[in-house]
Amino acid sequence: MLDIKIVRDHQEDIQKALNRRNGQWSIEQLIEVDKKCREIQGEWEALRRRSNEISEQFKTGKVPKDQMDVFRAESKELKKKLEEIEPQLKNLEEERNTLLLSIPNPPDPSVPDGEDENGNQVVKEWGTIRDIKDPKHHYELGAELGLLDFERGVKLAESRFTVLMNMGAKIERALMNFMLDLHGAKGYIEVFPPILVNRQCMIGTGQLPKFEGDFYKVEEEELYLVPTAEVPVTNLYRDEVIEETKLPVYHCAYTPNFRREAGAAGKDTRGYIRQHQFNKVELVKFSLPENSEEEHEKMTCDAEAILEALELPYRRVLLCAGDMGFSARKCYDLEVWFPAQGKYREISSCSNFGDFQARRTNLKYSPTEGGKPKFMHTLNGSGLAIGRTLAAILENYQQADGSVKIPDVLISYLGGATFLRKAEPAKASV
RNA sequence: GGAGAGGUGGCUGAGUGGUCGAAAGCGGCUUCCUGCUAAGAAGUUGUGCGGUCAAAAGCUGCACCGAGGGUUCGAAUCCCUCCCUCUCCGCCA
């Protein structure tokens, strides 16, 4: 959320920054509503003031007996006027608030111009792409090896749901543990949050009110299935003031994630890349404003460390202003190599939100120097999307004989197994 | 699901119509004192929004005692609705 005071004082700068984003974002209406709102607020307060004065007269016994009715009448009159103004004021305040919540974070100056993914900049490449003859797609390998059952996923739910079987289920679980362990060793404190969150959480991190249709909602309770662990974990300390000395705070969390993928019709319909339900380990940081840039770089490296440990070739991409998500001020995507597709695909997104989310969640720290609490900065990044990691492993580690080698770091998580092969008939699912 | 209790400032906890933005204690901050990370004394200490100001400070106005309505000249206090928390019983992984 933008700071309305900053918007008032730096209209041009804010508008310029927003213009770099994709879509039409104007603060014009906001400025207008804000102006009206303050006008009405002034009127309202003046009436209240007079009303308070009258009460004060009564309180101190200054009202002559024969004047009481006159004062009472005036007070009633004031109340009438207040009742006329109040709905206006409320509407304007609400409108202003909705507008504030609906405007995205202005991009950081270090974010390059660009309208879409074509404007993104590759800033790093890592790993050696393996030479694989006629590589199979992960969904072919997954089906052949009895790891991924797409048909039955559809039967149980609908399209974009998949059943993991046998070693597929085990690898998914192994990856979860491996990632959490690695991050835990770096000081990320593990969290296992609720998977259903209330509306305020969704507003806090920026999913709502702008993208209402993108999420699964439990109507009866007005709860939402989390689209990412970012939502509950960032909201952990909502409405709290943390001592400066306790910052930065690092958290990692595994959760399943649920997304309706409303705008993705026809995209990635095959395979395990784009699901309505997927697993992910998320990194979340709470930082002092002056350190958030550095923390962003470090956090991105922490996500990369997973790919490096798994020896999966990847590249880091600095997103351009037009391609960034709503709440981000600056964002790196990590993209992993998919041999069968012959291209890199997103597997992690690491963002610095500045104080954008902290404003929405009222998330402050108290400076050691003293003084009033200030908004902190929040960051998060996937570390990593587990389903896509599994898919990348299948494709990158496939062997000529149709088997898949298991990455070294996962062997100990899989009871010493070193290869994925077609299950023996007795053990295979039917 | 049934029964009961309760939601007040960073915390504990008073307060049943005006003297309450709110006692007291704790904590925090400032100063003083004490020959030393103890003890004591005094003072101070909520948040948000608006106005004034180049800005900050200051000054000033309004609001806030779970949320929303109502009664009243006036509500933390009375009435109504809702939300949440806790305890007991039931049920349950």
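No hydrogens, no waters, no symmetry mates; every other heavy atom, side chains included, goes into these values. Letters A, B, ... are given to chains in the order of the sequence lines, protein chains preceding strands, and every chain is numbered from 1.
Applying the ring-ring contact (aromatic ring centres under 6.0 Å, His included) test to A/Phe58 and every residue at least two apart in sequence or in another chain returns nothing. By the salt bridge (charged side-chain N to carboxylate O under 4.0 Å, His left out) test, A/Arg270 pairs with no residue at all, sequence neighbours left out. Considering only residues two or more places apart in sequence or on other chains, A/Lys280 meets the salt bridge (charged side-chain N to carboxylate O under 4.0 Å, His left out) condition with A/Glu282. Remark: A/Lys210 pairs with no residue by the salt bridge (charged side-chain N to carboxylate O under 4.0 Å, His left out) rule, at least two apart or across chains. The ring-ring contact (aromatic ring centres under 6.0 Å, His included) test applied to A/Phe286 returns A/Tyr237, not counting sequence neighbours. Applying the salt bridge (charged side-chain N to carboxylate O under 4.0 Å, His left out) criterion to A/Arg48, with sequence neighbours excluded, gives no partner residue.
A sub-4.0 Å separation between OP1 or OP2 of B/C73 and a side-chain N or O of A/Lys76 is present. One finds no side-chain N or O of A/Lys59 lying less than 4.0 angstrom from the OP1 or OP2 phosphate oxygen of B/C73. Close to B/G51, at under 4.0 Å from its OP1 or OP2, lies a side-chain N or O of A/Arg38. Not one side-chain nitrogen or oxygen of A/Lys65 sits closer than 4.0 Å to the OP1 or OP2 atom of B/C73. The shortest distance between the side-chain N/O atoms of A/Lys372 and the OP1/OP2 oxygens of B/C29 is not below 4.0 Å.
A salt bridge does not link A/Glu144 to A/Lys422: none of the charged side-chain nitrogens sits closer than 4.0 Å to a carboxylate oxygen. Look at A/Lys16 and A/Asp13 and you find no salt bridge, because none of the NZ, NE, NH1 or NH2 atoms lies under 4.0 Å from a carboxylate O.
Among the heavy atoms of the strands lying under 4.0 Å from A/Ser75 are primed sugar atoms or P, OP1, OP2 only; no base atom is included. Within 4.0 Å of A/Phe58, counting heavy atoms only, lies at least one base atom of the nucleic acid. At the heavy-atom level, A/Arg72 lies under 4.0 Å from base atoms of the strands shown.
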Treating primed atoms plus P, OP1 and OP2 as sugar-phosphate and everything else as base, which nucleotides of nucleotides 58-67 of chain B get B, S or - for protein heavy atoms under 4.0 Å? ---BBS----

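Following rounding to the nearest Å, A/Asn97 (CG) and B/C49 (C1') show an atom-to-atom distance of 13 Å. Look at CD on A/Glu83: it is 8 Å from P on B/U71, rounded to the nearest Å. A straight line from CG of A/Asn198 to P of B/C82 spans 21 Å, rounded to a whole angstrom. The nearest whole Å value for the distance from the CG atom in A/Leu82 to the C1' atom in B/U72 is 15 Å. Residue A/Leu100 contributes atom CG, which lies 11 Å from atom P of B/C49 at whole-angstrom precision. When the C1' atom of B/G48 is taken as reference, atom CG of A/Leu89 falls 14 Å away, rounded to whole Å.
The salt bridge (charged side-chain N to carboxylate O under 4.0 Å, His left out) contacts involving residues 100-116 of chain A comprise A/Arg20-A/Asp113, where partners must be two or more places apart or lie in separate chains. Among pairs with a residue in residues 348-368 of chain A, those fulfilling ring pair (Phe, Tyr, Trp, His ring centres under 6.0 Å) read A/Phe326-A/Phe356, at least two apart in sequence or across chains. Evaluation of the salt bridge (charged side-chain N to carboxylate O under 4.0 Å, His left out) test over residues 244-253 of chain A, restricted to residues two or more places apart or in two chains, returns A/Glu243-A/Lys246.
Paired regions of RNA chain B, where each region holds three or more successive Watson-Crick or G-U pairs whose two hydrogen-bonding distances fall under 3.5 Å, are B:1-7 with B:83-89, B:10-12 with B:24-26, B:27-32 with B:40-45, B:46-52 with B:58-64, B:66-70 with B:78-82.
Checked against a 6.0 Å centroid threshold, the rings of A/His251 and A/Tyr188 do not count as neighbours.
Residues from residues 2-13 of chain A lying near RNA chain B, meaning a heavy-atom separation below 4.0 Å, are A/Lys5, A/Arg8 in numerical order.
Separating the P atom of B/A42 from that of B/U37 is a span of 23 Å, rounded to the nearest Å.
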